Structures are given as C-alpha cells and as structure tokens.
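Here is the structure we will look at.
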Amino acid sequence: MNLPKTYQPDQYEPNIYAMWETSGAFKPSGKGEPYSIVMPPPNANGNLHIGHALMAELEDILIRFYRMKGRDVAYIPGADHAGFETWVVYERELQKNLQTRFDFSREQLYSQVWNFVERQRGNMELQLRALGVSASWDDLVFTLDEKVIKTAYATFKKLWDEDLIYRGERIVNYCTTHQTSFADIEVEYKAEKGKLYEIAYPTLDKIAEIVVATTRPETLLGDTAVAVHPDDGRYKHLIGSHVLLPLTDREIPVIADEYVDREFGTGAVKITPAHDPNDFEIGNRHDLPRIQVIDFDGRMINVPQQFAGIAAPEARKRVLGALQAAELLRGESDIEHNVGHCYKCGNIIEPMLKDQWFLRMQPLAQAATEAIERGDIKFYPENKKTQVLQYYAGIRDWNLSRQIPWGIPIPAFQNTADPDDWIYDERVDEPHITVNGQTYRREEDTFDTWFSSGQWPFITTDHLDGGALSRFYPLSVMETGHDILYPWVARMIMLGLKVTGQVPFKEVYLHGLVLDSRGQKMSKSKGNVINPMETLSEYGSDALRLGLVSARSAGQNQAFATDKVIAGRNFCNKLWNIARFIEDKLGENFHPGTPVPSSLADQWIIRELTGASQQVEALLADYRFSEAADTVYHTIWSSLADWYVEAAKQQNNPDMLAWALDAALRLAHPFAPFVTETIWQTLPWYEKGSMLIASSWPEPVAYDEIAAGEFEQLQKLVNEIRFVSAELPGNKRYKVVYHNDSLIDDNKELIRQLARLEGLETTDQPEGLRLANSGREAWLVVDEATLYEHQSNLEVRLAEAKSHRDVVGARLSNDSYLKKAPAELVEASKKDLSETNEIIIRLQNELNVIRGR
RNA sequence: GGGUGAUUAGCUCAUUUGGCUAGAGCGCUUCAUUGACGUUGAAGAGGUGGCAGGUUCGAAUCCUGCAUCGCCCACCA
C-alpha cells in the first residue's frame, strides 16, 4: 500500500471532504426515521472561533453517528447576518470615509451592508468544511433570506392580531454611541466604584430643605418629583408640598412611595421618569411629567442654557460645580454600584424614554413553562431546565425594536394625521403608503435579530409551508452554547409553541465556554485567543475534534489544552499505523470473507469492539461525548493495537484482521472522520465510490465468552511476568516454566512474544519464582540470589494481600452487610475473599521456600 | 439580594439511581527496541476526593453547616 509512516492530515482532508460533498452524502437520505439538527448560524462574514469549532464538532459527531445508524439525517447549516455585530463593523467603515449612517437612507445602508457582507462572506463556510461538518449545504439558510423575512412577518402579524404586540413609550437600554436600544439581557452590568452625592432641594420658602442622594446628578435637571417613604417621620410633614429644583426655576412635588428605602442614602430620592426605569414606574403611579434631558446622541437637551448640548459625563461635572457654587451640595460618599454597559463598545447604557415595539411575554412564557414542566423538552445538563423556568417566571416584555438599518424592517406604518394609528403592512420598501385615503409613514426601526432567529427551527425546515424538510420539525436536538440559553433557546421554545403549536425540539444540549488552558475566558485583550484554524492546520482536523471533545461535559466551562489535541493527533497516527500493518499483512488484493474467530484473541477482540460500539451508542444517546470518545480511543489503542495486533503477529486469520480494522474505522468515524475515511479509501476490498461516511455502525458479532475470558487470563499472566521481571535486577530476559496447564501450553508462542521471554517450557519440577497473581501453574526461572533479593517484593505483596483480606473479611462478618447489600455483591465479596486467601497461602509458601534455602 | 456550578493525582478532567483496590490524557521516573507506529512499547510513582458534622452495612456520590473560586439573573437612587 505504501502508506507513509505518519498520517499527514493536510494531504488528505480537502480531497476527502470534496469527495463527501460531491457524492451527496451530506443530504438527507429520505430513508429511516428522521434525525435533525439545525446549526446555530455563525456570523456570515466573520471567522469561526473555538466555540464554533466545539459546536460544530459535537453536532457533527451526532450527525455522523445517527447517519451510520441508518437514520434519515438532516444537518441544516446557517449563516447569520449578525445585525448588530455587522453593523458595528460597517459603521466603522463609514467612519473611515468620514460618513455616518445619517448620510444615507435605510435602503441605501441596507444594500451597502449587503454588498459588504457579500464580499466577506464564505470564509465561515469554508472553515466549517475544514472542521469536517457533514452539513447539508444546499439547505443552508441565511438569516436575511426571503423565507426568513416572510415567516418573521407572518409571526409578527399573528402576534399583532392576537394583541400581543404593542407600541409603547418605555424606558429602554440605549447606547448613545451606537444609537440603538437593547433588550434587557443584552446589557452587561459591571460593579463600579462611584460617588453618591447628597444634594439639597430647598423648600419654596427656602427655610428648610430636603436632601436627596444620587449617583447621577446630571439627571437632576429632568427631575419631576422627590420621593420619600410614606412612613418616614423625617419627611412626613413635607409630603404633598413642593420644593425648588436646584439650578432651575421649576417647582417639584414631594411624593410618598413605598419603593423608597428609608435606610439608603438620605431616604429621599429624586425622581427622573425619563431616565430611570424605577423612576419611570413611580412617575406612572403618581402621574408625573417626563422630561428627557439626555438626547439620543448623549448630549443634554431641554436644560438651562449653560448645560445644553453638553455630553452627559461633562454635564455631570458642570452640574456638580454649579451646585457647589449654589452651596447646595451637602456631601459625597464612595459607593459601589452596578452600571450597565454596551456589550459592544463598553460605554454606559443610558436608560432612555423611547417609543418601541414590545411583545407581551407573559402568555408565551406561560405556555413554554407548561410544555417544559410536562417534560416535552429534555435538558442536558438538567439544571438548565430550572434556569429557563426561572427566567420565564420573571420575564418582562420584549423590546423588539432596534435602530439599526442592517436587519429585517418592522412592517408597521403610522398614520401621519394620527400618531396613535399604527397599521401592519409589509410594503416596507415604501417610505409612505396610502390606505383608505390616509397617508401612513413607515416605521424605520428593524427587528431585534433574536426575533427572527427565535423562529429558526420552523423557518429552516419550512415547516409552516410543509416543505421538503418539514418532516424534520421538531428538531431531534438543539445543540448550542449555554450562554444563549435565554436570548435564543428560551425564545425559540416560546415562539415555536406559539406559531407551530409544538415544541421546536425534543432535547436541548448546551455546551460550555471553551476557556484557555489556565481556565481563563478567552479574549482579544488578554491575548489568549486560540484560533481553531491554526490549530487545525498544525495538527489536523480530527486531532482538533478529539482534543476539543475530550474532558468536556455538558454546560460546563472548560479549558482547552493543546496537549489534548496532540493526544488526538497521536491517536490518528496510531489508527493509521494499525491500518498500515494490517493492510500490509493482508496484501493488495485481499477480499475478506465472513470473519470466523479461531483463537482466544479473536474471540476477545470481537467482544471488545462489539462492546465498545454498544457503549458508544448508549453514551451518545446521553450526550456523553467525552466518554464516548474515550471509549473509542481506548478500545482502539489499548485493545486493538496493544493486544490484538500483537497477538495477530502470532496467528493467521486475515478475515478477522480485516473485520477488526473495519469495525475500528466505523467506531472511530464520528470522532475522527477524516483519517478513518482516508484509510477506508485504501482498503482493497471495497469498490470504488464506497465511503465510510455512508456505511453502517458496527453490528454486534457473536463470540465465545469463555474464550474471551481465557484471553484475559493470558493477559494477566503476561502482565505479571512483565511486572515481576521489571522489578528484578539486571533487566534481562527470563524463562518461564509451567506445569500441567493446557491454556499456557496452547498459547506458548503468544505468551513468549508478549512477555518477551527467553523460553517457555513445561516441567515436572517447578523452580523459581511462582507467578501467584495469574492463578496459573507457572514459575519464573531465576537463580537463588535473585530469588533471595526478591524476597522483600514478596513480603510487600503478602502484606497487601493480608490487609485486603482483612477489609473484605470484616465486611463479610458484618451481619447488616450480609442482610442488606445486594446478593451478587455479597457473592463477589466471598469470591474475592477466597481468592485472596489462596494468594496469601501461595505467597507464604513461596516465602517459606526462599527462607528455607 | 436570588439562583446556579465548581472544589478529586503536578496540570486538565472523568467516576449517573451510594457498592470491586477512585480512573483517563498530558507531565514525571525507570527500562526497552531497528520494519505497523518514537506522534512507539513495557513498567512505575503520584490521591486523608476543600473543611467539619450527619445518614448508611457501605459516602467522592445523599443531608446540614462552613470556606474558596466562577457564572447567570435582579438592580438601592
């Protein structure tokens, strides 16, 4: 076959992938029970990061496995327009050209970004191919595809008609840099050190004052009340009176509200309904006016001349200065509080009053909660279920509006003559439309991207239209990162139930974050980001996959270690060399017949490989990827390579050898698709065009349990010989003699080779060191001096055996144990005890012999 | 403040209804070897399972408390 000594992934991977793709192996077969996964769409114009690699590998393992199990498999890839992310990148481009979004219409911007994305697009998809994902590329969906928009509109209309959509002036999280609002869960809160200022608001007669505490003095200019607790004796007499708002000529009322915490600050709170969500609610309760003092560009508005047009942080300083000058500043103290930040630029999120589209979440969350409690969706790990339910329990209405041109326009129009008259209409390309003689102006905002991606499972499968892939809805499993449990998974469940009446998927598997080797979060600023493509090109795609999957469990953030990738690469090479050896032994024109086990080793390897295939199946059904990969790794390395291939050198059963290689390749294929397929393509007994990807999962083969067990005994004997001779001085080859032992007799040559013995002979007069652990009648021939030196070894082993006997003996003399423990366990203990006793006797005899000399 | 996860070998992690002597990979030590593979083979060292109690015949696993580290949610101005 002339395979090179080491496996060179880059020489085979691209061709193998192209072969798979052109053969149509990635497409649903149309045969068997449907199995479906929809890939969480990576950013269309970005590069994959290590988390994407993990995602793709986990999904592809499942996909390849179930394809081999004969299921009708759909793995639907996607590409995300990544509304906000992409917009941020594009806006930077605009800045370079000294332009802003306000220089263009929405249509112009949209088509510019479209072209921008188009230029960049494709990298991500090539990278997924390099990872070996067997996705059905023809079915790829881009998040701005016509059908996505169509479905998003239909859903919006449905929700609108059911009165679940409303437009309202609310406090939204607003980034003045990006000039868009965010959903609550998109805001990043950080604990920060700040100052709590105490400011005096004089009473109208200027005789008294009320001191409020605030961290945001600049919003004072928008205050419309001061609130105190209704039972607060300090302020009770002031409730209902008015105070002077400093730096202005406004008079504002002192109101009583239970919300106020008497213990905090001064017990008096300034109320700014336009710039604080709690104040907004208090304002509603007390019918207070709302005065916006920070504009959407972050500059002061509706304020006295001296502050107008000034950016908020600077305004804070000036307000403080002015207060100081007016002698109204009563004190300041350090405080640590949480401040919301834009997750993209890190600037402080301003709570702003804005007219936005909201979705009432209560009814949707209710239905989702019921479905989950009914057990319609299984979560891996299980505790994520509790978290989702909790999220639903405390859910607030969803702000769907984004002020970003790169997205799906909200299909709503406002009557130019009546601002309260909004209608649903899909003619979003027209700035104005006429309906019933009235002119309507379109909404310029777009949808939060999660609104459309929340519908991903039924969009991608064309479920609502009963399209070709609709049999794949609901999905078999939703695999994604645990960080988007709320923004994505929870919403898919709600929208899926609402729109299709079914849960969108039956199971959810959430993987954790991939951390760096020291358990730190990867980030550009720390410089610890690992580029999966670099690792891939250095060690190979399969190695990356094995390395990523190993030592990783559901929902857990876990470190990435190149060590594991190297171990993966070594495994691929091991597999490669097993194949090299076997193919060389079988010859170029070999065509195997039905495997017929003839030796103990044959029986044993059937048991090992068959057992492994069943184990992997059970583990994958439970999403225990790491353990499944581990099983494959050890079966192939420790069983197949270390024992069976070695044993095969002493026997001649080519059909069995071919079967073992074949089974190992199938077993390893979901975990190391490229190397296994590469080897498969070199097997002389398959016709051209036959592919491992399209072959079946190994079927169990019958074997003789007793023979397999006997092989294990031989292994024990070999191990003992190795162990004892390694301990002996001189490190030379020894001879073993045995007495009346047909098992040894029948496998002389095998034992001699495996244990690297000088000789193995039968004898009537045993001599030397008894191999007591094996339970066979065998002795290692050594001279008396060596025997004597070995005495201490024997003594140690005797002591160990005795203490083990004591432990087991104590257990067995315990009445409760005998009564309460399962019978088989008690049996095992009894057997253990008698075996240990035998060993003790032998060791003792052995020692007596030595001592007697 | 509420929730949630972690704490096991030098490192990264397993150990799934509580039951063999708590296992892997990497690292470490010793040794081997010229045709499957040095990306190898053999052997070995290394663990009071965070701490303190409790339940049980039996606990890394269940319960209680404590400690440390993470993450998520909430947002007291």
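Remember, it's a predicted structure, so these values are computed and weren't measured experimentally. In what follows, chains carry the letters A, B, and so on, assigned in the order in which the sequence lines appear, proteins first and then strands, with residues in each chain numbered from 1.
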Close N or O pairs between protein and nucleotides 71-75 of chain B (under 3.5 Å):
from	atom 1	to	atom 2	distance (Å)
B:A74	N6	A:Asn338	ND2	3.3
B:C75	OP1	A:Arg396	NH2	2.8
B:C75	O3'	A:Asn278	ND2	3.4
B:C75	N3	A:Asn338	ND2	2.6
B:C75	N4	A:Asn338	ND2	2.8

Ignoring backbone atoms, test whether A:Lys5 places a side-chain nitrogen or oxygen under 4.0 Å from the OP1 or OP2 oxygen of B:U40.
no
If you round to the nearest 0.5 Å, how far is OG of A:Ser725 from OH of A:Tyr734?
7.0 Å
Return whichever of A:Pro822 or A:Ser550 has its heavy-atom-nearest nucleotide of RNA chain B closer to the 5' end.
A:Ser550
What integer number of Å spans the P atoms of B:A32 and B:U12?
34 Å
Go nucleotide by nucleotide along RNA chain B from the 5' end; which of A:Asp832 and A:Asp815 gets its closest nucleotide reached first?
A:Asp832
In whole Å, what separates the C1' atom of B:G10 from that of B:C73?
37 Å
For A:Lys649, which contact category applies under a 4.0 Å heavy-atom criterion: base, sugar-phosphate, or nothing?
base
For A:Asn383, answer base if it contacts any base atom (sugar-phosphate contacts may also be present), sugar-phosphate if it contacts only those atoms, and nothing otherwise; contact means non-hydrogen atoms under 4.0 Å.
sugar-phosphate
Within a radius of less than 6.0 Å around CD of A:Glu824, do more than 12 heavy atoms belonging to other residues, nucleotides or ligands occur?
no
Does a side-chain N or O of A:Ser553 approach OP1 or OP2 of B:A14 to a distance below 4.0 Å, or not?
yes
Check whether the ring centres of A:Phe571 and A:Phe671 lie less than 6.0 Å apart, and answer yes or no.
no
If you draw a 6.0 Å radius around NZ in A:Lys716, do more than 12 non-hydrogen atoms from other residues or ligands fall strictly inside?
no
One should read off an interatomic distance between A:Asp276 CG and A:Arg216 CZ, to the nearest 0.5 angstrom, of 7.5 Å
Below 4.0 angstrom from OP1 or OP2 of B:C37, is there any side-chain N or O of A:Arg580?
yes
Using atom P of each nucleotide, how far apart are B:A22 and B:G5 to the nearest Å?
27 Å
Treating A:Arg262 as the side-chain partner and A:Gly267 as the backbone partner, does any N or O pair qualify as donor plus acceptor under 3.5 Å?
no
Within 45° cone of A:Phe581 ring axis and under 6.0 Å: A:Lys649 NZ or CZ
yes
Using 0.5 Å steps for rounding, measure from the CD1 atom of A:Ile349 to the OH atom of A:Tyr189.
8.5 Å
RNA chain B: stems of at least 3 consecutive Watson-Crick or G-U pairs, cut-off 3.5 Å?
B:1-7 with B:67-73, B:10-13 with B:23-26, B:28-32 with B:40-44, B:50-54 with B:62-66
Check for a donor-acceptor pair, side chain of A:Asp622 on one end and backbone N or O of A:Arg624 on the other, with a separation under 3.5 Å.
no
Describe, in one word, how the ring planes of A:Trp576 and A:Tyr12 are oriented to each other, choosing from parallel (under 30°), tilted (30 to 60°) and perpendicular (over 60°).
tilted
Pick base, sugar-phosphate or nothing for A:Ala641, based on heavy-atom distances below 4.0 Å to the nucleic acid.
base
Between N or O atoms, less than 3.5 Å apart, protein on one side and nucleotides 22-26 of chain B on the other: list the pairs.
from	atom 1	to	atom 2	distance (Å)
B:A24	O3'	A:His634	NE2	3.2
B:C26	O2'	A:Asp563	OD2	2.7

C1' gap between B:A6 and B:A42, integer Å
37 Å
Separation of the C1' atoms in B:C66 and B:A74, to the nearest angstrom:
26 Å
Using every non-hydrogen atom in the two residues, find where A:Arg552 and A:Leu513 come nearest and quote the distance to one decimal.
NH1-O, 4.1 Å
What about A:Glu646: does its side chain form a donor-acceptor pair under 3.5 Å with the base of B:A36?
yes
Using the P atoms only, state how far B:U29 lies from B:C72, rounded to an integer number of Å.
41 Å
